[in-house]
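In this text, all values refer to a predicted model and were calculated from it rather than measured experimentally. Order of listing sets the numbers, starting from 1, for every ligand and every atom in it.
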Amino acid sequence: MTNTITLKIDGMTCGGCAAHVQEALARVPGVLAAQAPGGKSGNAIVRAENGVSVDVLIRAVEEAGYRASLPEAPDIPSATPQPAAPAPDFTLTPAHDYDLIVIGTGGGGMAAAIRGAEQGARVAIIEAGTIGGTCVNIGCVPSKTLIRAAEQAHRADHSAFAGVRTLTVGIDWPAIRAQKDALVEQLRQEKYIDVLAAYPDQITLIRGWARLTPDRQVAVGDRILSARAIVIATGARPRILPIPGVEETGVLDSTSAMDLERLPGSMIVIGGRAVALELGQLFARLGVRVTILQRSPRILPEHEPEISEALTRYLQDEGLRVVTGVRIHALHREGEKKVVEAEVHGQVFTMKADAILMAAGREPNSRGMGLEEAGIELDDGGFIVVDAHLCTSAAGVYAVGDVTTLPKFVYTAAAAGGVAASHALGDANARLDLIGMPAVVFTDPAVAVAGLTEAQAREQGYEVAVSVLEMKHVPRALAAFDTRGLIKLVADPDADQLLGAHILAPEAGEMIQAASLAIRFGIPLSSFRDALFPYLTNVEGLKLAALAFEKDPAKLSCCAG
Ligand SMILES: Cc1cc2nc3c(=O)[nH]c(=O)nc-3n(C[C@H](O)[C@H](O)[C@H](O)COP(=O)(O)OP(=O)(O)OC[C@H]3O[C@@H](n4cnc5c(N)ncnc54)[C@H](O)[C@@H]3O)c2cc1C
């Protein structure tokens, strides 16, 4: 005799949760089948041999991290035999090829695979292109080493110190590029290829292009693979805007620009966010005449206006042209030159350069992978919609990194990869927490931010106070004869709460973490202000900016005394 028991489950938010509950119930001795239809249904239905008690089932659910109880309706009062109810289409968890299949070996996929292996899972990781994905091969690593090289050249030519003789340094682009390629190869080997090889029994690397089948298996070539859970970490690629003439004219993207055989004399950069500005300044510092064309009224439109305005000035001081509010109509070629036909505030103009760099955002690698057919929701841009557990709308399928709607950084991709794998393998509490997330734009001066902007804080209904401190008040900046930049703090003074920190300063990325931690862990603004910050460091500027809510920084002595 069998018995059908319905349990009310609390705490399920997604298909992954439903899979956990189902598996936990299916493991209870005497359970023949368990089903939690859809994460948000709130119910699980169990078919069990007579004698399997409700208490044991409830405990199994609780051990999986959820709460279970009998529904309030009186029709199923206990686990004693009930008249036969129509049996749902039960399937016990079938045997799978792997516990976890991860698609993509970038920062997100690697973190998911490693977390899976650490938890004893059998993991397959599938890669269609170069191992390591964007960050190491064509993103963070090559861009940051090239930026540093350009910065060295610029500093050597622009020292502010009396008595320091500066020499105009020669730029050997092929040597800089070769050094970048060597670093990329080294880090790809050490941080990706060797790391995967360190888990020979747990992680299987499969080469090929993966897609999902409608029944949520993974097809690679003619192989069909199954797993308890799938993590999609397929990243994104540069977006080429469909401007008339773009194909015939030929444009660079961030990847091809960093791999140029030789430097062009002039370059038009289309875009005004992180990648456009980082690469634009890098090429300008290597001697290329650079013009930035940005559609929004200001560069870095999501950042504080004070930062956009000041950074625009610094870039212009270095010789970059920055044009905002631009509508580009078409591109064409004139001999060796590339021409942009555009409009600013109703005025039509054309602009020529040796090269055009399109750095206007990235497109998700989600098309053609059978995602929608497998029930996975995409937003209008094709990015995969995920919740805080990284669950997609399809049970047992997770997504992380640039292919999702989440912020596009390698450390958020990696954090998400770890969370997705943990959740998929049974940790119902695993969730991604982005509170206080730091973000850096590697221009010089750099932009580093954490938390809310002033506008966001007001929109969210906080009582907002703002402190803006120019870097000329920071002793370290004075000693370095480099006082470019500012710090803007956003706070709720009544709640003694720091809400946001926005820095424009040389190496601002090295300063932001103090504020990020304060926001993330709710350190009161007064405690942050009273903490010791070492003299002379740029990060001391955060303390000065916190003091500047109440005091005039010009009236402070050394060490913010
Ligand atoms: C120029 C540039 C500079 C950047 N600088 C920084 C920085 O300084 N700091 C920072 O945090 N972030 C930076 N980023 C962003 C960062 O590189 C990305 O956020 C991060 O690499 C995304 O990781 P991911 O794992 O989501 O995807 P990816 O690293 O893109 O990996 C996806 C992988 O999936 C593979 N793949 C795709 N489709 C399939 C398929 N169907 N089957 C099998 N394999 C597939 C791809 O070949 C790729 O290897 C930069 C990006 C760029 C472009």
Side-chain angles (χ1 to χ4, degrees), residues 101-113 124-148 180 184 188 191-193 196 205-212 218-221 223 225 230-239 252-259 269 271 273-280 282 357-371 383-384 386 390 398-418 420 437-443 446-448 509:
I101 291 180
V102 179
I103 308 177
T105 61
M110 285 290 289
I125 188 165
I126 305 171
E127 176 55 60
T130 310
I131 303 276
T134 300
C135 181
V136 72
N137 292 305
I138 53 169
C140 331
V141 171
S143 62
K144 264 78 253 183
T145 192
L146 290 178
I147 286 169
R148 195 51 122 197
K180 177 258 302 178
V184 165
R188 184 198 307 129
K191 299 292 171 197
Y192 293 81
I193 298 172
L196 283 180
L205 172 65
I206 298 171
R207 303 306 303 256
W209 193 78
R211 66 182 166 78
L212 262 58
V218 178
V220 190
R223 294 173 70 183
L225 305 169
I230 298 165
V231 179
I232 302 169
T234 48
R237 60 186 182 284
R239 177 168 45 211
L252 299 167
D253 60 25
S254 57
T255 308
S256 52
M258 290 191 282
D259 256 350
V269 180
R273 292 180 169 78
V275 172
L277 300 179
E278 290 179 7
L279 296 189
L282 142 69
L357 165 59
M358 183 84 79
R362 295 181 61 83
E363 260 180 42
N365 293 325
S366 61
R367 305 280 185 209
M369 280 185 66
L371 302 186
F383 293 95
I384 301 177
V386 289
L390 290 314
Y398 295 74
V400 303
D402 282 10
V403 73
T404 71
T405 46
L406 293 170
K408 313 285 181 276
F409 300 104
V410 72
Y411 45 93
T412 50
M437 183 196 80
V440 180
V441 180
F442 289 83
T443 46
V447 179

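With a heavy-atom cut-off of 4.0 Å, Met110 does not touch ligand 1 at all. Looking at Ala128 against ligand 1, both its backbone and its side chain come within 4.0 Å, counting heavy atoms. Neither the backbone nor the side chain of Glu278 has a heavy atom within less than 4.0 Å of ligand 1. Contacts of Ile103 with ligand 1, taken as heavy-atom pairs under 4.0 Å, involve the side chain alone. Contacts with ligand 1 closer than 4.0 Å are made by no heavy atom of Arg211, backbone or side chain.
Applying side-chain contact (heavy atoms from CB on, under 4.5 Å) to Met369 and the options Ile384, Ile103, Val218 leaves one that passes, Ile103.
Remark: the backbone N or O of Ala399 is not paired with any side-chain donor or acceptor of Thr404 at under 3.5 angstrom.
The pair Asp259-Lys180 meets the salt-bridge criterion, with a side-chain N (NZ, NE, NH1 or NH2) lying under 4.0 Å from an Asp/Glu carboxylate O.
For atom 2 (C) of ligand 1, the nearest non-hydrogen atom of the protein is Gly139 CA, 3.4 Å. Of the protein's non-hydrogen atoms, the one nearest atom 13 (C) of ligand 1 is Cys140 SG, 3.3 Å. Looking at atom 8 (O) of ligand 1, its nearest protein heavy atom turns out to be Lys144 NZ, 2.9 Å. From the protein, the heavy atom lying nearest to atom 26 (O) of ligand 1 is Asp402 N, 2.8 Å.
Among residues at least two apart or in separate chains, side-chain hydrogen bond (donor to acceptor under 3.5 Å, both in side chains) pairs with a member in residues 127-148 are Thr105-Glu127, Asn137-Arg188, Lys144-Glu278, Arg148-Glu151, Arg148-Glu507.
Residues Thr412 and Leu406 form no side-chain contact, since every pair of their non-hydrogen atoms from C-beta on lies 4.5 Å or further apart. For the pair Val102 and Met110, the minimum side-chain heavy-atom distance is 4.5 Å or more.
For the pair Asn365 and ligand 1, the shortest N or O to N or O distance does not fall below 3.5 Å. Looking at ligand 1, you'll find an N or O of Glu127 within less than 3.5 Å of one of its N or O atoms. Polar contact with ligand 1: absent for Gly104 (N/O pair, distance under 3.5 Å).
The number of heavy-atom neighbours closer than 6.0 Å to CZ of Arg223, taken from other residues, nucleotides and ligands shown, is 12 or below.
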